[in-house]
Amino acid sequence: MPVEERNFYIRPTLTVAKELLGKYIVRKIGRKKLEGRIIETEAYIGPQDKASHAYKGKVTPRNRAEYLVGGHIYIYLVYGMYWQLNISTAKEGKPECVLIRALDKVAAGPGKVCRYLKLGKSFYGEDLTKSKRIWLEDRSGLPKKIKPSQIKATARIGIDYAGPYWSRRKWRFVLMNKERK
DNA sequence: GTACAGATTGAG
DNA sequence: TCAATCTGTACT
């Protein structure tokens, strides 16, 4: 399913998180393009997920974009200095999203992803299926399609406060090094 | 109103 | 190991 389609995002969040691996983020600034291949994602599935900002169905001015229909950007500031790029998934009203944690070679860490792509609050709620300044592309083609064996599932990072049950869920997905090229 | 901690990072 | 520094939440 092409990444440009809305239906790509309206599927189980864990599926979307895995299928985003290997896709390219394209950021257009004037005549210039910045690009990066997604190699690390994390799934957040509120309201049952204690590590999610939407735990218990909570809605705040900051997290409301998480409730948008799949394919929208949910971006927020952590620790007062770092932006985190998330892509909403599922249907309108369901607070599920995928955090983009790393781009191959150019951004190892969610804060760096946004710094590299020059993303900030102005992208809050941006629609990836319609935007002219940021979108996703699938360049893998059939011969290079990502296989399940190339994806490593691990525990999510930095959410110990959510307790062992949630922090141990293997909802972080990494595209394995030897398979990247 | 005040206090506090967080889906991080880079310097020391 | 720790500080940077904004936002939401839980208090007073």
Side-chain angles (χ1 to χ4, degrees), chain A residues 8-9 11-23 25 27 34 36-128 134 136 151-177:
Chain A
F8 176 90
Y9 303 98
R11 291 184 295 164
T13 301
L14 294 176
T15 302
V16 177
K18 282 183 270 195
E19 294 202 9
L20 281 172
L21 294 175
K23 302 291 192 277
I25 296 184
R27 165 84 167 99
L34 290 170
R37 191 169 182 228
I38 299 171
I39 57 167
E40 188 178 336
T41 61
E42 276 181 13
Y44 286 87
I45 306 177
Q48 71 267 34
D49 181 359
K50 198 173 178 185
S52 167
H53 291 156
Y55 179 52
K56 289 182 179 171
K58 188 171 58 176
V59 183
T60 69
R62 175 212 225 170
N63 77 359
R64 66 191 157 76
E66 213 177 338
Y67 290 80
L68 296 173
V69 69
H72 286 81
I73 288 178
Y74 166 39
I75 193 166
Y76 67 92
L77 197 61
V78 274
Y79 304 119
M81 19 173 49
Y82 295 107
W83 292 95
Q84 312 279 289
L85 175 62
N86 297 253
I87 300 173
S88 70
T89 59
K91 295 177 187 167
E92 170 94 37
K94 289 219 170 194
E96 306 188 12
C97 65
V98 176
L99 170 65
I100 307 300
R101 289 193 56 89
L103 303 177
D104 197 13
K105 296 182 188 72
V106 295
K112 293 177 177 177
V113 169
C114 291
R115 197 173 60 185
Y116 172 75
L117 294 174
K118 301 197 189 315
L119 300 178
K121 193 157 195 175
S122 72
F123 284 84
Y124 192 89
E126 189 95 351
D127 188 343
L128 284 171
I134 185 167
L136 265 60
I151 298 172
K152 185 176 187 179
T154 70
R156 291 176 291 176
I157 306 295
I159 54 157
D160 289 345
Y161 66 87
Y165 178 81
W166 292 107
S167 61
R168 284 177 193 160
R169 297 301 93 191
K170 295 193 172 176
W171 287 355
R172 172 173 171 241
F173 303 102
V174 184
L175 191 59
M176 289 199 283
N177 197 43

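Note on naming: letters A, B, ... go to the chains in the order of the sequence lines (proteins, then strands), and numbering restarts at 1 for each one.
Atom-to-atom, NZ of A:K58 to P of C:dT7 comes out at 16 Å; the value is rounded to the nearest Å. Residue A:M81 contributes atom CE, which lies 14 Å from atom C1' of C:dT7 at whole-angstrom precision. Put simply, CD1 on A:I159 is 14 Å from C1' on B:dT8, counting in whole angstrom units. In this structure, OH of A:Y82 is placed 20 Å from P of B:dA5, rounded to the nearest angstrom. For the pair A:Y116 OH and B:dG10 C1', the computed distance is 20 Å after rounding to whole Å. Following rounding to the nearest Å, A:Y76 (OH) and C:dT5 (C1') show an atom-to-atom distance of 16 Å. Spacing between atom OH of A:Y55 and atom P of C:dT9 amounts to 14 Å, rounded to whole angstrom units. In this structure, the CG atom of A:D160 is 14 Å from the C1' atom of B:dA5, given to the nearest Å.
Among the atoms of the strands shown, only primed sugar atoms or phosphate atoms (P, OP1, OP2) are found under 4.0 Å from some heavy atom of A:L77. Here A:N63 lies out of heavy-atom contact (under 4.0 Å) with every strand. A:R115 comes within 4.0 angstrom of the backbone, heavy atoms only, and of no base. Across all strands shown, A:E42 has no heavy atoms under 4.0 Å from either base or sugar-phosphate atoms. When heavy atoms are screened at a 4.0 angstrom cut-off, A:R156 is found touching no nucleic acid atom at all.
A donor and an acceptor atom, one from each side chain of A:E42 and A:Y44, are located under 3.5 Å apart.
Phosphate contact (OP1/OP2 of C:dC6, side-chain N/O of A:R62, threshold under 4.0 Å): absent.
Picking from C:dG8, B:dT9, B:dG6 the nucleotide with the shortest atom distance to the side chain of A:P110 gives B:dT9. Taking only side-chain atoms of A:K112, from C-beta outward, the nucleotide of C:dC6, B:dT9, B:dT8 with the closest atom is B:dT9.
Looking only at side-chain heavy atoms (C-beta outward), A:T41 and A:K23 stay at 4.5 Å or farther from each other. Side-chain contact between A:N86 and A:Y76: present, with at least one pair of heavy atoms (C-beta onward) separated by less than 4.5 Å. Using a 4.5 Å cut-off on side-chain heavy atoms (C-beta onward), A:T15 and A:T89 make no contact.
Put simply, CG on A:L85 and CD on A:E126 are 11.0 Å apart, with the number rounded to the nearest 0.5 Å.
With a cut-off of 3.5 Å on both pairing distances, the Watson-Crick or G-U wobble partner of B:dG1 is C:dC11.
A gap of 22 Å separates the C1' atoms of B:dG10 and C:dT7, to the nearest Å.
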